Amino acid sequence: GAVVSQHPSRVICKSGTSVKIECRSLDFQATTMFWYRQFPKQSLMLMATSNEGSKATYEQGVEKDKFLINHASLTLSTLTVTSAHPEDSSFYICSASTGRLNTEAFFGQGTRLTVV
Amino acid sequence: ELKVEQNPLFLSMQEGKNYTIYCNYSTTSDRLYWYRQDPGKSLESLFVLLSNGAVKQEGRLMASLDTKARLSTLHITAAVHDLSATYFCAVGINTDKLIFGTGTRLQVFP
């Protein structure tokens with residue numbers, strides 16, 4: 001299957017700082033990328049959908065000013081957690097898709113964010 | 001609001017036994033995915049089910065989809081310890097947006 005690379009895999013940051021997470025599709029062009037958040041022992045919650053060259057679509061309850069998403073190219077989307085707080089500590093996972101109907105989305109390795 | 005519910009949420013089973021995990025969803029969809037997640041890791045794709053009546057098998061796992069009943073099952077045959085993980089179903093909506101189920105944490109013991 002296709003490869004999606006997420007970086008970093010683990011990050012610790014101080015409260016009030018910002019942290020950027022990258023999601024790259026390595027061997028295909030991803031017209032659509034998704035960002036998920038997962039708290040311990042819980043399911044994945046879709047945060048936002050990003051399409052190359054346009055603004056991201058955020059799910060209800062997700063603060064767009066706090067979670068900045070940029071999908072600047074067909075192989076790269078970034079999630080920036082701004083002014084991070086301890087409650088933002090979570091496992092963030094991206095997935096990438098070609099956007100064609102009935103195709104599978106491929107998942108990155110995930111990023112464990114800890115805000116101290 | 002779309003709901004995707006899995007049953008059971010937690011399953012402890014003995015090696016060699018069989019069991020079925022159920023995934024019910026509340027909206028029309030003909031795309032259903034099953035994933036495995038090990039602790040601290042991302043998702044591993046297990047099955048992609050794209051039509052009513054689809055059945056797929058890989059090793060000791062078999063998945064099926066009934067779009068009319070809005071139900072998918074993941075059947076485990078003769079469980080082994082290596083199958084211990086959390087299993088998620090996910091329903092496809094729109095082009096490729098996924099809504100995940102609640103997850104089933106499976107523990108297989110000797």
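The shown structure was predicted, so the numbers you read here are calculated from the model rather than taken from an experiment. Hydrogens, waters and symmetry mates are skipped; everything else that's a heavy atom, side chains included, is used. Residue numbers start from 1 in every chain, and the chains themselves are labelled A, B, ... in the order their sequence lines are given, proteins ahead of strands.
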Going hydrophobic residue to hydrophobic residue with side-chain gaps under 4.5 angstrom, can you get from A:Phe34 over to A:Leu74?
no
Is chain B contacted by the side chain of A:Gln38, its backbone, both, or neither, given a heavy-atom distance below 4.5 Å?
side chain
If you group Ile, Leu, Val, Met, Phe, Trp and Tyr by side-chain heavy-atom gaps below 4.5 Å, do A:Leu79 and A:Ile93 land in one group?
no
B:Tyr87 and B:Leu9: same hydrophobic cluster, using ILVMFWY side-chain contacts below 4.5 Å?
no
Once you round to the nearest 0.5 Å, how far does OH of A:Tyr36 lie from OG of B:Ser42?
10.5 Å
Chain B heavy atoms under 4.5 Å from A:Leu44: which part of the residue, side chain, backbone, both or neither?
both
May I ask you to test the A:Gln109-B:Lys41 pair for a side-chain heavy-atom distance under 4.5 Å?
no
Short question: side chain of A:Ser43, backbone of B:Gly101 - any donor-acceptor pair under 3.5 Å?
yes
A:Lys41, NZ: over 12 other non-hydrogen atoms inside 6.0 angstrom:
no
Reported CG-to-OG distance for the pair B:Leu98 and A:Ser95, which is rounded to 0.5 angstrom
6.5 Å
Is there a path from A:Met33 to A:Leu113 through hydrophobic residues (I, L, V, M, F, W, Y) whose side chains come within less than 4.5 Å of each other?
no
Hydrophobic cluster membership, with links at side-chain heavy-atom distances under 4.5 Å among I/L/V/M/F/W/Y: are A:Met47 and A:Leu68 in one?
no
Among B:Ser45, B:Gly103, B:Pro39, single out the residue with the greatest number of heavy-atom pairs under 4.5 Å to chain A.
B:Ser45
Quick check: do A:Phe91 and B:Gln37 have side-chain heavy atoms less than 4.5 Å from each other?
yes
